[in-house]
Amino acid sequence: MPNELTSNSYRNARRAHSRRRGATLLDVAAGSMLLAVILIPSAHLISQSQSCHARLTNRKTMMFEAENQLEATKIALSSPAAFDLAWSNPTDVIREVTVADGPDLKSRTRISADPTIAAPARLLTIDIEVWQDFDGDDRLDASEPAENIRTQWASP
């Protein structure tokens with residue numbers, strides 16, 4: 001008797017298993033629609049997020065390089081002789097900036113005397129632009145990403 005119960009329950013389980021071996025066409029269609037509704041917009045958002053991150057990283061790199069240029073310029077102008085030379089001769093210098101793991105950049109440093117200050121006090125305006133020069137013409141175009149820092153420096 002125990003053998004008959006065991007063999008009957010085995011047969012019933014086997015019959016139930018043999019009736020449904022895979023997914024129906026309706027299951028496959030519903031799964032495909034769910035994937036299309038969920039995965040395609042998610043993949044698009046991931047792509048947008050990566051491009052925004054790359055743009056932000058480039059902007060941060062340009063700002064970092066502009067701040068470095070500004071500090072180097074301030075150090076160079078800290079002696080009275082260098083300040084006097086910059087006061088009498090405005091400068092406009094374009095340089096290439098090489099970043100270890102980023103794009104090649106251009107920087108422009110302009111130093112000019114500020115004429116709005118009264119005669120005994122002297123003030124220089126320092127303007128630094130760093131940009132990604134896509135077309136290689138050494139000019140900042142409207143379509144090129146850039147960062148700009150402007151400050152003034154008093155005589156030492």
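When atom types are taken as modelled, the side chain of E144 and the backbone of D141 share a donor-acceptor pair closer than 3.5 angstrom. A side-chain donor-acceptor contact under 3.5 Å links S32 to the backbone of V28. Side chain of S78 to backbone of I75: a donor-acceptor contact under 3.5 angstrom is found.
K60 pairs by the salt bridge (charged side-chain N to carboxylate O under 4.0 Å, His left out) definition with nothing, not counting sequence neighbours. Take E147 and apply the side-chain hydrogen bond (donor to acceptor under 3.5 Å, both in side chains) test, not counting sequence neighbours, and it matches R59. D92 meets the salt bridge (charged side-chain N to carboxylate O under 4.0 Å, His left out) test with R108; sequence neighbours excluded.
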Check the pair T109, T91 against side chain to side chain contact (heavy atoms under 4.5 Å, CB included), reporting the backbone distance first and the verdict last. CA-CA 8 Å; T109 304; T91 58; 5.8 Å; no

Could you go through the side chain to side chain contact (heavy atoms under 4.5 Å, CB included) check for T125 and I111 one step at a time? CA-CA 6 Å; T125 300; I111 304 171; over 6 Å; no

Full working for side chain to side chain contact (heavy atoms under 4.5 Å, CB included) between T73 and I128: CA-CA 10 Å; T73 303; I128 298 177; 4.2 Å; yes

Go through T116 and D114 one step at a time and tell me if the side-chain hydrogen bond (donor to acceptor under 3.5 Å, both in side chains) criterion holds. CA-CA 6 Å; T116 60; D114 186 0; 2.8 Å; yes

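Residues H44 and P41 form no side-chain contact, since every pair of their non-hydrogen atoms from C-beta on lies 4.5 Å or further apart. In this structure the side chain of R110 never reaches within 4.5 angstrom of the side chain of V93, judged on heavy atoms. In this structure, the side chains of Q69 and R95 come closer than 4.5 Å at one or more pairs of heavy atoms. In this structure, L105 and W131 have side chains that are not in contact, with every pair of non-hydrogen atoms separated by 4.5 Å or more. When side chains are defined from C-beta on, R122 counts as touching D84, because their heavy atoms get closer than 4.5 Å.
The number of heavy atoms from other shown groups lying within 6.0 Å of CZ (F134) is above 12. Remark: L45 CG is packed, more than 12 non-hydrogen atoms of other residues, nucleotides or ligands lying under 6.0 Å away.
The CD atom of E96 sits 10.0 Å away from the OG atom of S107 when rounded to the nearest 0.5 Å. Note that the CG atom of L70 and the CD1 atom of I149 stand 5.5 Å from one another [nearest 0.5 Å]. The line from OG1 of T98 to CD of E65 is 9.0 Å long, rounded to the nearest 0.5 Å. With rounding to the nearest 0.5 angstrom, the CG atom of D138 is 6.0 Å from the CG atom of D133. Between atom CE of residue M33 and atom CD1 of residue I38 there is a gap of 11.0 Å, rounded to the nearest 0.5 Å. With values rounded to the nearest 0.5 angstrom, W87 atom CH2 is found 6.5 Å from L124 atom CG.
For the pair F83 and W153, the tightest heavy-atom approach, listed with the atom from each and the gap, is CE1-O, 3.6 Å. Of all non-hydrogen atoms in A76 and A82, the two that sit nearest each other are O-CB, 3.1 Å.
Clustering ILVMFWY residues whenever any of their side-chain heavy atoms sit less than 4.5 angstrom apart, transitively, puts I126 in the very cluster that holds M63.
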